Amino acid sequence: MKENKILTGRGGKYEPLDVKGYEADGGFAGLKGALAIGPESVIEEIKRSGLSGRGGAGFPTGAKWEMAAREKQEPKYFICNAEEGELGTFKDKVLLDGDPWLVLEGILIASYAIGAGQSYIYINGEYEETVKLWEKLVVEARKAKLPGDGISGSKSSVDLQVIKGKGLYITGEECALISSLETRRATGQLKPPYPTQRGLFGRPTVVNNVETIANIPVILSMGAEEYRKLGTAKEPGTRLFCLSGDVKKNGVYELETGSGTLRELIEEFGGGTKSGRGVKAVQPGGGTSAFLSGRSVDCKLSDEAIRQAGSGLGTAGVIVYEEGKSAVGIVKGLLDFYGRESCGRCAPCRIGVVRMKEIIERLFHGKGTTEDLEHLREIGKACVSVSTCGMGQAFPLPVLSALELFPEDFEAVIAQAPA
Ligand SMILES: Cc1cc2nc3c(=O)[nH]c(=O)nc-3n(C[C@H](O)[C@H](O)[C@H](O)COP(=O)(O)O)c2cc1C
Ligand code: SF4
């Protein structure tokens, strides 16, 4: 299995603030192409490429842009989501630091395509150095007459502002991010209306993930037809797989979708498990994705294959757990995190996450009962089906899948409990 670095290949080839270095390496070909064909054709090309969002939900990018472009209301906004708060996910930072002009070029093209005069990049507040780099980058970009009046000498105008995020998990969710940008309390919202209809300051807004945006200049310079030759027919392109957990070597690896298996990723790129023992479980799509058991590691690296196996590719944050670990301890670690991150807007998630955390802690400390397992299932399923946003709908998935895949781990801690 080999990497195909269409997004990460330029990383480190130029000094981050050196716009000329980027241009000399083929940069801005996508932007020039976009300005030459016009906004509608750009959207058509992105639709033809089959690009889908890399922020977790996998929504088709071209269709999202078209929805915003068709809205009559003005002004429109574009937001690049660089919050990157999901557990096991650290790919966007590689692009933001390693090839920032690629991301900036993508933002300008996206804003141009949907007709947004103002764009924002909302960067995780814990990425302090990245925020500083981007603040300087925008100054350099203005000097080069990129954002501002007349992108690259054209008649279109786009301004770009860097926003230092709050470093909260929920501010990665698009509606919460928008509320945060409006200086309101960051909470999930019921949809519709979608941000493309009523987003920032009530206006049509597109929110896209950093990796999604990095694909844009690449698609426009290579052409949608060539791009579609990469990856699988249903999921064209590459994914930045973030490998972490019990592997010898953590890292971000850019692979065409479907080009190999989870096992190959873990063994060839991760050097196998830390202890050399087998793989007990994998979360293939970040900390809120359902577990796959070690028996499923021959699954192909595509969302379709991973869904058939019982989980989802989500953010492609692949977290590996080796044999010998108890599912109860793993799930406790996850709920320690998500238990602090609910925004509190809706009762199922606000109360459910705390109750599930309490039960898991009881089990972990050898004080749980068989009824606790049933309560975990009931609360988890209720949160998944009636929570307002993706946080409440997803955080129970690892717990529910652990109960299904590793019941013996839960039974073992109950057996230790005093009668
Ligand atoms: C709780 C929660 C956290 C999220 N965090 C992020 C994030 O950090 N970065 C991101 O791009 N998308 C995140 N998303 C997804 C966004 O809501 C949105 O779908 C995405 O930014 C759209 O971009 P895309 O279409 O390019 O994937 C999160 C969703 C939820 C429910
Ligand atoms: S599901 Fe959780 S994070 Fe989302 S709106 Fe409800 S309380 Fe907030």
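Residue numbers run from 1 in the order of the sequence given. Atoms within each ligand, like the ligands themselves, are counted from 1 in listed order. Not measured: the values here are computed from a predicted model.
When heavy-atom distances to ligand 1 are checked against 4.0 Å, the residues falling inside are Gly53, Arg54, Gly55, Lys64, Asn81, Glu83, Glu84, Gly85, Tyr169, Gly172, Glu173, Glu174, Val207, Asn208, Asn209, Thr212, Gly390, Met391, ordered by chain and number. Pocket lining of ligand 2, defined as residues with a non-hydrogen atom under 4.0 Å away: Ile170, Gly188, Ser342, Cys343, Gly344, Arg345, Cys346, Cys349, Ser387, Thr388, Cys389, Met391, Gly392.
Here the straight-line distance linking atom CD1 of Ile213 with atom CD1 of Ile79 works out to 11.5 Å at 0.5 Å rounding. Of the inter-residue distances, the one linking Leu335 atom CG with Phe395 atom CZ reads 7.0 Å to the nearest 0.5 angstrom.
Side-chain atoms of Glu84 come within 3.5 Å of backbone N or O of Lys93 as a donor-acceptor pair. Under a 3.5 Å cut-off, the side chain of Thr205 and the backbone N or O of Leu200 do form a donor-acceptor pair. Lys280 places a side-chain N or O within donor-acceptor distance of the main-chain N or O of Lys325, the cut-off being under 3.5 Å.
Using the six-membered ring where Trp is involved, Tyr253 and Phe269 have ring planes that are tilted, between 30° and 60° apart.
The closest side-chain donor-acceptor pair between Thr315 and Glu86, if any, does not fall under 3.5 angstrom. No side-chain N or O of Asn250 forms a donor-acceptor pair with one of Ser244 less than 3.5 Å apart.
Here Phe201 and Tyr77 bring their ring centres to under 6.0 angstrom of each other.
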